[in-house]
Amino acid sequence: MPALALRAANSDLRTAFKVKYVAQGAAYLDGGRSAGLAEGMKLVVRESTSLPNNAGSSTSNPTTGPHNGTVAELEVISVAETSAVTDIRTPTRDVMPGDLAYLSTEDQEALVQKNALSATRKYPTVISFTEGDTLDEEAREEIPRPPLPSVNRARGAIGLDYMGTMSHGAAGSMSSDLGMVVRTDITRMGGTYWNLSGYWRGRLDSRSSTGQPTLQDLINRTYHLGMTYDNPQSAWVAGFGRLYLPWASSLDTIDGGYFGHRFQGTTMGIFAGSTPDPTSWDYNPDRRIAGTFVNFDGGSYDAFRYTSTSGVGISTLKWQVDRPFVFLENGFFYKRYLSIYHSLQADSPRGNQATTAPGPGVGRSFLTVRVQPIPRLELDFNHTYFRDVPTFDPTLIGTGLLDKFLFQGFSAGVRVELVKQISVYTDLGRSSRTGDARSSLNQMYGVTWGRLPWFRLRADAHYSRFNSSFGTGSYRSFSLSRNLGDNLRLEVLAGDQDFVSAFSANNHSRFINTNVEAPLGKHYFLQGAFTTTRGDVMNYDQWMFTLGYRFDSRQKH
């Protein structure tokens with residue numbers, strides 16, 4: 001029977017599915033086994049000028065419907081009864097919730113044929129067979145295999161790089177380093193419930209301690225790379241590496257691990273490690289923390305959801321107790337419309353020769369309320385408080401990695417998508433700290449172009465002026481980036497900063513970072529990067545080349 005005739009005879013067959021959620025290269029659809037989807041099926045997301053009245057039962061042919069361009073190809077990698085997870089391939093723009101995905105012509109015809117010969121077909125006569133049963137085999141073929149507990153996938157990249165640095169000024173110098181870069185996202189390694197994910201770049205050889213640290217050196221040290229254990233049939237969870245505590249991301253990144261036990265929506269555990277990330281609040285290369293926690297969570301991502309974590313810990317410097325602390329972290333969420341997040345730490349820091357001990361009290365607090373009444377409008381309201389001056393590395397201020405420390409007091413922001421692919425955003429805050437003569441207005445403005453005309457580049461312009469207890473200043477940055485498929489990526493970031501603080505002599509600097517990654521065959525890639533910085537203290541040029549191998553495979557267990 002011709003394909004069109006088969007479709008006409010099966011008018012209730014679904015061929016269009018709505019994208020419910022998108023995360024990390026995967027799209028979640030609103031149909032699953034009950035709609036005939038199975039692992040390996042292909043779908044196409046297309047631009048649509050008008051959505052069908054009922055996407056859930058649409059039978060539009062994607063080659064003749066109201067579409068004017070392919071957005072991405074999807075491949076089903078995991079199926080549940082009423083939902084499915086798909087891998088996003090060759091996107092021309094970001095796949096977004098609400099997009100429609102259409103079955104490929106081949107899978108449509110296969111599904112129609114299968115539906116026509118399924119176990120629901122009316123047979124006038126049942127014939128017995130001495131070896132095998134045709135009807136029974138057809139019925140068995142119609143029953144899909146149980147879905148995998150998680151998506152079994154191994155993808156990432158590994159490479160070797162060469163880095164050269166030329167320092168300028170009175171004490172000019174030249175240095176070179178060999179390094180390694182690792183990017184990985186491996187779920188259920190070897191059929192187990194261990195997962196490895198994150199990113200790392202570092203040097204294979206050491207540099208003299210008198211060498212000038214560069215901006216790239218500091219950024220390299222902000223990586224996260226950890227191995228975690230999460231078995232849905234087990235009550236135990238664990239993780240180690242450089243990572244956040246999953247239930248309390250407000251704590252500093254730790255080089256260490258955690259171990260926990262969960263039961264009926266509750267997880268209890270312990271954690272310990274050093275805190276070497278230069279963006280940490282209490283950054284010190286000799287700092288270590290340890291503690292215990294309990295987390296409660298519940299609800300649904302489709303409705304109301306909550307999570308609440310509390311715990312106690314201790315921070316040490318060179319193995320001497322520096323401060324005991326108590327931490328609380330709570331989040332309440334309702335679909336995409338509302339999210340409320342609050343984190344708080346109360347501590348009792350040890351004094352030193354320069355500063356007396358302040359005694360027990362609230363050390364820091366962050367409150368964020370985000371409201372998104374419509375997809376194109378997002379509002380947020382924030383309150384930030386900290387009693388002690390943070391000790392992060394101020395060289396990183398121009399990178400945006402420390403923006404959470406720039407506002408103190410109340411602030412509010414808005415992000416609006418004016419037209420398709422063009423958004424503006426701003427944050428305004430009144431900073432006030434005990435002992436300040438007067439409050440100061442902190443400002444941040446920006447505009448994002450999702451795709452510049454003709455060039456298909458993503459662009460972002462950013463300006464911030466701040467006046468906080470650790471310093472005052474402003475910085476400006478502009479970035480361009482473009483992804484051409486999964487293999488070719490172009491990035492440029494340029495900016496300058498003015499910073500006046502008793503904690504840094506680097507008062508003014510200008511910087512340009514560029515990065516290009518191109519494929520060399522099916523799996524290999526070449527990456528090149530160049531950074532130049534000119535300032536009161538940091539004056540150097542740095543270049544880097546990486547030759548790497550990219551892998552992407554699925555494991556069958």
Side-chain angles (χ1 to χ4, degrees), residues 14-35 37 41-58 60 62 65-104 147 150-151 153 185 299-307 331-341 368-380 414-425 448-451 458 483 486:
R14 286 191 62 177
T15 61
F17 301 86
K18 184 176 292 186
V19 176
K20 297 194 304 181
Y21 179 70
V22 179
Q24 297 182 347
Y28 294 72
L29 305 181
D30 68 344
R33 288 196 306 270
S34 60
L37 290 181
M41 282 188 168
K42 305 289 195 305
L43 300 96
V44 178
V45 178
R46 297 181 183 274
E47 297 283 6
S48 178
T49 56
S50 61
L51 298 179
N53 292 331
N54 185 358
S57 59
S58 172
S60 301
H67 311 97
N68 53 22
T70 299
V71 173
E73 297 177 356
L74 307 180
E75 181 177 347
V76 179
I77 55 179
S78 182
V79 185
E81 186 65 24
T82 59
S83 63
V85 183
T86 65
D87 186 28
I88 300 175
R89 304 285 181 84
T90 61
T92 58
R93 68 160 171 79
D94 291 341
V95 177
M96 299 179 293
D99 284 341
L100 289 181
Y102 297 85
L103 278 173
S104 65
S150 62
V151 180
R153 186 173 187 179
D185 183 11
S300 167
Y301 283 90
D302 295 326
F304 175 77
R305 182 172 59 91
Y306 69 90
T307 177
F332 304 93
F333 315 92
Y334 180 70
K335 296 183 177 179
R336 65 168 175 83
Y337 302 109
L338 175 67
S339 67
I340 302 174
Y341 169 82
T368 297
V369 179
R370 283 190 172 87
V371 182
Q372 189 176 11
I374 58 177
R376 288 193 172 189
L377 174 63
E378 181 177 324
L379 306 170
D380 63 84
V414 60
R415 186 180 187 94
V416 182
E417 186 177 10
L418 299 177
V419 296
K420 189 174 182 180
Q421 301 288 337
I422 300 179
S423 301
V424 296
Y425 56 91
T448 300
W449 295 268
R451 178 184 291 184
R458 186 182 187 277
N483 289 339
D486 293 330

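Model, not experiment: these values are computed from the prediction.
Note: Glu417 CD to Ile374 CD1 = 10.0 Å, rounded to the nearest 0.5 Å. Rounding to the nearest 0.5 angstrom, the gap separating the CG atom in Leu103 from the NZ atom in Lys42 is 11.5 Å. With rounding to the nearest 0.5 Å, the separation of OH in Tyr306 from OG in Ser300 is 12.5 Å.
Contact between Pro91 and Ala72 at its shortest, heavy atoms only, is CA-CB, 3.8 Å. Val419 approaches Arg376 most closely through the heavy-atom pair CA-NH1, 4.0 Å.
By the ring pair (Phe, Tyr, Trp, His ring centres under 6.0 Å) test, Tyr425 pairs with no residue at all, sequence neighbours left out. Here Ala101 pairs with Leu29, Leu43, Val45, Leu74 under the side chain to side chain contact (heavy atoms under 4.5 Å, CB included) rule; sequence neighbours left out. A search for side-chain hydrogen bond (donor to acceptor under 3.5 Å, both in side chains) contacts involving Thr448 returns Arg415, Asp460, not counting sequence neighbours. Taking Arg458 as the reference, nothing meets the side-chain hydrogen bond (donor to acceptor under 3.5 Å, both in side chains) condition, with sequence neighbours excluded. For the side-chain hydrogen bond (donor to acceptor under 3.5 Å, both in side chains) test, residues two or more places apart in sequence or in another chain that qualify with Tyr341 are Glu329. Annotation: side-chain hydrogen bond (donor to acceptor under 3.5 Å, both in side chains) contacts of Ser339 (sequence neighbours excluded): none.
Under a 3.5 Å cut-off, the side chain of Asp99 and the backbone N or O of Val19 do not form any donor-acceptor pair.
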